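Note that this is a predicted model, so its numbers are computed, not measured.
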Amino acid sequence: MSTPLHPWNLAPKEAIALQTQLAKRLVLSDRIDPVRYIAGVDIGFEDQGATTRAAVVVLQWIPSSAPNFSVVEQVVHREPTRMAYIPGLLSFREIPAALGAFAKLSTKPELVMVDGQGIAHPRRLGVAAHLGLWLELPTIGIAKSRLTGTHAEVGEERGDWEPLYAGTEIIGAVLRSRARVKPVYVSPGHRLTLETSLKWVMRCLGRTKLPEPTRLADRLASRRDQKRRSLDKR
DNA sequence: GCGACAG
DNA sequence: ATCTTGTCGC
């Protein structure tokens, strides 16, 4: 284990410089083990933002079965929020809490899906890419909106997609994950190609526009779900 | 200088 | 992200 430790509480200027350096370490070819478990990660906030809540859900991948997955583990981790949200520096705000959640996990996933960008980032280090480097695991970023890049209009049917460009470089895909619904932005984070990333996202699509791993993590991390579960207890 | 800007 | 009620649609 040679974890590339680095401080999280950096000033914006230093964080930006670090991103540029870390992005060089990304592996954008397929270096993934046979998939048995897929994790979904998402972050939410409480106390008007003072507390960060990280949620990780692990699904078992079951080929040739319907559905193809079953939840095997879910973890929630809370800690004080460290820094404000700054576009482009999301990972420094969210990853520390995400690592706390991963530390509580007993299942080791072969693939991690993250709510946010992979390399579709101004310096090619979105939260999914950064987390992949830290965990040394294959990661995919699935964002609900665009951070950077340009693309053509996407067809209206499920599965339609268009490449996301930064100049002439393809940094991700804009995927219509549900017919006639706002598309999602898919980009590899670490140890995957865009093609393989898209394949896994499409495989994990259920009835909604988000793939099951991040949809379930989203639910666990959301304020709304906290309310729902406490009401159910009564 | 003026917008754009993951969650 | 979060604050919030109703409302349109399958």
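Just one residue in the list A/V174, A/L147, A/I119 forms a side chain to side chain contact (heavy atoms under 4.5 Å, CB included) with A/L164, and that residue is A/V174. Of the residues A/D42, A/I43, A/T208, the one that meets the side chain to side chain contact (heavy atoms under 4.5 Å, CB included) test with A/D218 is A/D42.
By the 4.5 Å heavy-atom criterion applied to side chains, A/V114 and A/I142 are not counted as neighbours. No side-chain heavy atom of A/T193 sits less than 4.5 Å from a side-chain heavy atom of A/P188. At least one side-chain heavy atom of A/V75 sits less than 4.5 Å from a side-chain heavy atom of A/E73. Between A/L175 and A/V154, the closest side-chain pair of non-hydrogen atoms is not below 4.5 Å.
With 3.5 Å as the limit, one finds no donor-acceptor pair spanning the side chains of A/T214 and A/D115. A/E79 and A/T52 share no donor-acceptor pair across their side chains, judged by distance under 3.5 Å alone.
A/H130 is linked by a ring-ring contact (aromatic ring centres under 6.0 Å, His included) to A/H6, A/W8, A/F92, counting only residues two or more places apart in sequence or in another chain. A/H151 meets the ring-ring contact (aromatic ring centres under 6.0 Å, His included) test with A/Y185; sequence neighbours excluded. Scored by the ring-ring contact (aromatic ring centres under 6.0 Å, His included) test, A/W200 finds A/W61 as partners (sequence neighbours excluded). Remark: A/R215 engages A/E212 in a salt bridge (charged side-chain N to carboxylate O under 4.0 Å, His left out) (not counting sequence neighbours).
Interface residues of residues 168-181 of chain A facing DNA chain B, ordered by number: none; criterion, heavy-atom separation under 4.0 Å. The stretch residues 145-162 of chain A touches DNA chain B through A/S145, A/R146, A/L147, each having a heavy atom within less than 4.0 Å of the strand.
The distance from atom CG of A/D218 to atom P of C/dA1 is 6 Å, rounded to the nearest whole Å. To the nearest angstrom, P of C/dA1 lies 11 Å from CZ of A/R93. Following rounding to the nearest Å, A/D47 (CG) and C/dA1 (P) show an atom-to-atom distance of 17 Å. Rounded to a whole Å, the CG atom of A/D42 is 7 Å from the P atom of C/dA1.
Residue-level contact check: A/L125 touches neither bases nor backbone, having no heavy atom under 4.0 Å from any strand. Contacts of A/G49 with the nucleic acid, taken as non-hydrogen atoms under 4.0 Å apart, are absent. Within 4.0 Å of A/G126, counting heavy atoms only, lies at least one base atom of the nucleic acid. The residue A/E94 sits close only to the backbone: its heavy atoms come under 4.0 Å of sugar-phosphate atoms, none of a base.
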*How would nucleotides 5-10 of chain C be written as a contact map, 5' to 3', with B for base contact, S for sugar-phosphate-only contact and - for no contact, using protein heavy atoms under 4.0 Å?*
------

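For A/K108, the NZ atom counts as loosely surrounded, since its 6.0 Å shell holds 12 or fewer non-hydrogen atoms of other residues, nucleotides or ligands.
Under the 3.5 Å distance criterion, the side-chain polar atoms of A/Q19 are left unmatched by any main-chain donor or acceptor of A/R123. The backbone N or O of A/A11 sits less than 3.5 Å from a side-chain atom of A/E14, completing a donor-acceptor pair. Using modelled atom types, no side-chain atom of A/H190 and backbone atom of A/P138 make a donor-acceptor pair closer than 3.5 Å.
Among residue pairs with one or both ends in residues 94-124 of chain A, none qualify as ring-ring contact (aromatic ring centres under 6.0 Å, His included); sequence neighbours excluded. Annotation: side chain to side chain donor-acceptor pair (under 3.5 Å) contacts involving residues 167-183 of chain A, sequence neighbours excluded, comprise A/R124-A/E169, A/E156-A/R176, A/E157-A/R180.
Base pairing in DNA chain B yields no stem of at least 3 consecutive Watson-Crick or G-U pairs with both distances under 3.5 Å.
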*asked:* Give the dot-bracket line for DNA chain C from 5' end to 3' end: parentheses for intra-strand Watson-Crick or G-U pairs under 3.5 Å, square brackets for crossings, | for inter-strand pairing, dots for unpaired.
replied: ..........

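Nucleotides of DNA chain B lying under 4.0 Å from heavy atoms of chain A occupy a range whose first and last members, 5' to 3', are B/dA4 to B/dG7.
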